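These numbers were taken from a predicted model, which means no experiment stands behind them. Per chain, numbering begins at 1; letters A, B, ... match sequence-line order.
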Amino acid sequence: MTSPILDGLNEVQKKAVQTTDGQVLILAGAGSGKTNVLTRRIAFLIAERRVSPFHILAVTFTNKAAGEMKERVEKLIGPDSRRISIGTFHAIFGKILRYEAEKLGYKSSYTIYDSEDQLNLIKVSMEFLNISQELFAPSMIRSKITKAKNLFQGPEMMKSKADNPIDEKAATIYGEYERRLQKANAFDFDDLIIKPIQLFHEFPDTLTFYQDKFRFIHIDEYQDTNRAQYILIQLLAQGHRNICVVGDDDQSIYGWRHADIGNILNFEKDYPEAVVFKLEQNYRSTQNILRTANEVVKNNLNRKSKTLWTDKDAGTLVTVLECPDDRAEARHVVQVIQEKIRSQKYTFADFAILYRTNAQSRLIEESLMHASLPYVMVGGLRFYERKEIKDILAYLRVIANVSDTVSLKRIINYPARGIGKTTLERLEEFSEARNLTLFETLMQVRQLGSGWLQERALSAIQHFTEMINKYRELKEQLSFSEWTRILIEELGLLRMLKQENTIEAMSRYENIIELMTAIGEFGTSYVPSAEAETTLDAFLKDVALIADIDQFDDSKNALTLMTIHSSKGLEFPVVILTGVEEGLFPIDTDSQKDLEEERRLFYVGATRAKKDLYLAFAKRRMRYNNVYSTTQSRFIDEIPSELVNWERSAPSLGLGMNTYPHRPRTRGGLSRSIRETSDTMVESAYNRNSHYRAGQHVEHPTFGPGRITEMEGVGDRQKVTILFNDGVERRLMVKYANLMVR
DNA sequence: ATTGGAATGTTTTTT
DNA sequence: ACATTCCAAT
């Protein structure tokens, strides 16, 4: 059979694509084209096997991966592909819950609680149960509850399995927490997986419906699924028994999130008839990089044996950068990048700087800023988790779902309107006694107003409920972005921030504007799928399920900074792993199991590289407040020495202009505020040397002297095209370029 | 009810 | 070193 869908695939890949019926396990090493196989398989099902897109389910690990897969399938078979269900577990089953909420006693306007909301609710539950938060840390309780949920254990089962007083207490809190979640018409992240299981158990008809809908099931990154996800998929797959899972046990790095590597290791036991394909040819990296990754991961005992190979060249050696301390490491990494850009045909976007912990990004960022190199950072503090954003989202959530008590409490007195702690306490007691939601109590407070609250509080409450109700009506009449604009205006937050006029307030101000832009864009692009989600519900769901990596925009010409976890699935010509030290990477050497996961993480990081791989480590590093002496990671020792080129970092003083003995300090501390204020800071830098025009001679710290040939954009987005003396024309962001007028 | 300063915890990775 | 939370003062 010849089909353009199979073009360019190797033999194993073709077979994997064509084996559409029954159970298929695709063990796909890093860079072996597994996403390609998956998309072609889906296209093949539709185009060749004449399966309706309606009957296909594809679960990906991130929204970004889902988006890319959608795009690629559409390219192969056209717009019909839009009816395929592609998305993350959370997105797909969140949507199903939207339709089926009533059966479980929820409303379809349910709210999704993130871990901060979760923690709030756990604290409330503990207060209610009179359990000491000093003795039982709420965050510890949360992790126990979430673990139970991921193992598909309810409060009763958790209690019966508890073998110590802490677990028993946690199970009790779990029960109360569940009760309150339900009352708030809210699901937490884990519920998006386990409530569908519950739904399918309780309503066999519904299960049958979805079994019949999803006749062909695909799960990407199967090694990172957990127990609950496993159960959910088993239930669905029992219908037509067509299930294809793709994964790589060597890339299982989410054990700490209760992912169960056993799911992939035992697939053949679950399905004795399963056909297994091994994709072992790597199309991404050089031999040296691949050998490095293989040699290290080989030390793991618990794995399916496979060896990646490539027909590419040996390539350059892996470079180990030994640095005296963490600052020297950051500086050296930047020097390596500048040198490569100068001497070879590399551009900023070719580089990724990866680290084990987000905290490591700070020094690297400082170093990059100092050298005026453009970068995008994935992770860190997330946009939608910033306080000012969450405050506004809380309004939207309450307007969508007035039962959402966690959000309601967040905004009831923000901005301050005279509903204080005592008032709130009374209201909550009252709600509890009458089994009302907090909002219901607020609505009734006037009728019952027999002196139990002060008149001032009463009228404040009335104002508040009137406002919320006004917007509940307004949202039916105006467009999403129109009524949110009016809401934000009425709250007066922007005015407050402007008055404050601190750097931080300005950054918050900008963030709110950015949120409004995002709302505007969402409002115009969202196409409601008939009688399903309202625009508001859909927006809130998207926001709740967004991952850092989803927002990563690889079209910008900038270096990439992210954790190794976030880098899974991506590739870059040059990858620099930093902090490759004992105690940091591997971070925890307590148990063999954890160590093996760290080693797999190393494998993931190393195999992101196409051409050049750097491993940097520092002999001394600041953590918390102290300086610690460290040694190179055992992973470095596990690499055969003939693959390694060892470089010692130059001493930190007396170097060229790229060192920064005393970096200019903004007032007060650095670190976090840099990220938040960078726009403002850059703006002032931009104002200092703003008036560029075409024809002007300028100097760039990396590329040297050149002449401006073209200008475009304004403010932060201003770009210049410069013809440099090496004859290369480059387009740069003025914001980052740090040009000097000559 | 709001504000400011002190005490406390946090950093491993995140849907 | 930071941010959040807690507590006392106004």
**Prompt:** After noting the C-alpha distance and the side-chain angles of A:T225 and A:I233, does the key distance pass the side-chain contact (heavy atoms from CB on, under 4.5 Å) rule?
**Reply:** CA-CA 10 Å; A:T225 54; A:I233 287 305; over 6 Å; no
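- Across all strands shown, A:T422 has heavy atoms under 4.0 Å from sugar-phosphate atoms exclusively, and none from any base.
- Both geometric conditions, a ring-centre gap below 5.5 Å and a plane tilt below 30°, are not fulfilled together for A:Y254 over the base of B:dT14.
- Using cut-offs of 30° and 60° for the angle between ring planes, the A:F635 and A:F602 rings count as tilted.
- Under 3.5 Å, the side chain of A:W256 and the base of B:dT12 form no donor-acceptor pair of N or O atoms.
- Look at the P atom in both B:dT11 and B:dA7: the space between them is 22 Å, to the nearest Å.
- Distances shown here put every side-chain N or O of A:S115 at or beyond 4.0 Å from the OP1 or OP2 atom of B:dT14.
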Contact list (N/O, under 3.5 angstrom) for nucleotides 8-10 of chain C vs protein:
none

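- For A:A359, the side-chain atoms get nearest to B:dT11 when compared with the rest of B:dT11, B:dT10, B:dA1.
- Comment: A:D325 engages A:R620 in a salt bridge, judged by a side-chain N to carboxylate O separation of less than 4.0 angstrom.
- Residue A:E598 places its side chain closer to B:dT12 than to any other of C:dT5, B:dA1, B:dT12.
- Between A:N358 and B:dT14, a side-chain N or O to OP1/OP2 separation shorter than 4.0 Å is present.
- The side-chain hydrogen bond (donor to acceptor under 3.5 Å, both in side chains) check on A:R227 picks up nothing, with sequence neighbours excluded.
- Only A:N413, A:A416, listed by number, bring a heavy atom of residues 408-416 of chain A to less than 4.0 angstrom from any atom of DNA chain B.
- Rounded to whole Å, the distance from CZ on A:F602 to P on B:dT13 is 20 Å.
- With sequence neighbours left out, A:H90 forms a side-chain hydrogen bond (donor to acceptor under 3.5 Å, both in side chains) with no residue at all.
- Atoms CZ (A:F585) and P (B:dT11) sit 20 Å apart, rounded to a whole Å.
- When each of B:dT10, B:dT13, B:dT15 is scored by its nearest atom to the side-chain atoms of A:T563, the top-ranked nucleotide is B:dT13.
- When all heavy atoms of A:A186 and A:Y106 are compared, the closest pair comes out as O-CE2, 3.6 Å.
- The residue A:I112 sits apart from the nucleic acid: no heavy atom pair falls under 4.0 Å.
- Counting only heavy atoms from C-beta on, A:H90 has its side chain closest to B:dT15 among B:dT10, C:dT5, B:dT15.
- Scanning for side-chain hydrogen bond (donor to acceptor under 3.5 Å, both in side chains) contacts around A:E429 gives an empty result, with sequence neighbours left out.
- Among the atoms of the strands shown, none is found under 4.0 Å from any heavy atom of A:T62.
- Taking the nucleotide of DNA chain B with the nearest heavy atom to each of A:R257 and A:A137, the more 5' of the two is matched to A:A137.
- As rounded to whole Å, 20 Å separates atom P of B:dT11 from atom CD of A:E581.
- Rounding to whole angstrom units, CD of residue A:E597 and P of B:dT14 are separated by 12 Å.
- Taking atom CD of residue A:E116 and atom C1' of nucleotide C:dA3, one finds them 12 Å apart after rounding to whole Å.
- Taking the ring centroids of A:F585 and A:F617, they lie at or beyond the 6.0 Å cut-off.
- Qualifying side-chain hydrogen bond (donor to acceptor under 3.5 Å, both in side chains) partners for A:E638, counting only residues two or more places apart in sequence or in other chains: A:N299, A:R599.
- By the 4.0 Å N-to-carboxylate-O rule, A:E178 lies close enough to A:K149 to be salt-bridged with it.
- The A:F189 side chain lies nearest to B:dT15 when the options are B:dT12, B:dT10, B:dT15.
- One atom, CD1 of A:I587, and another, C1' of B:dT13, lie 8 Å apart when rounded to the nearest Å.
- Ionic pairing of A:E596 and A:R303 is not present here: no N-O contact between side-chain nitrogen and carboxylate oxygen is shorter than 4.0 angstrom.
- For A:Q133 and B:dA7, the CD to P distance is 21 Å, given to the nearest whole Å.
- Of the listed nucleotides (B:dA1, B:dT12, C:dT5), B:dA1 has the atom at the smallest distance from the side chain of A:R456.
- Between A:K147 atom NZ and B:dT15 atom C1' the separation is 18 Å, expressed in whole Å.
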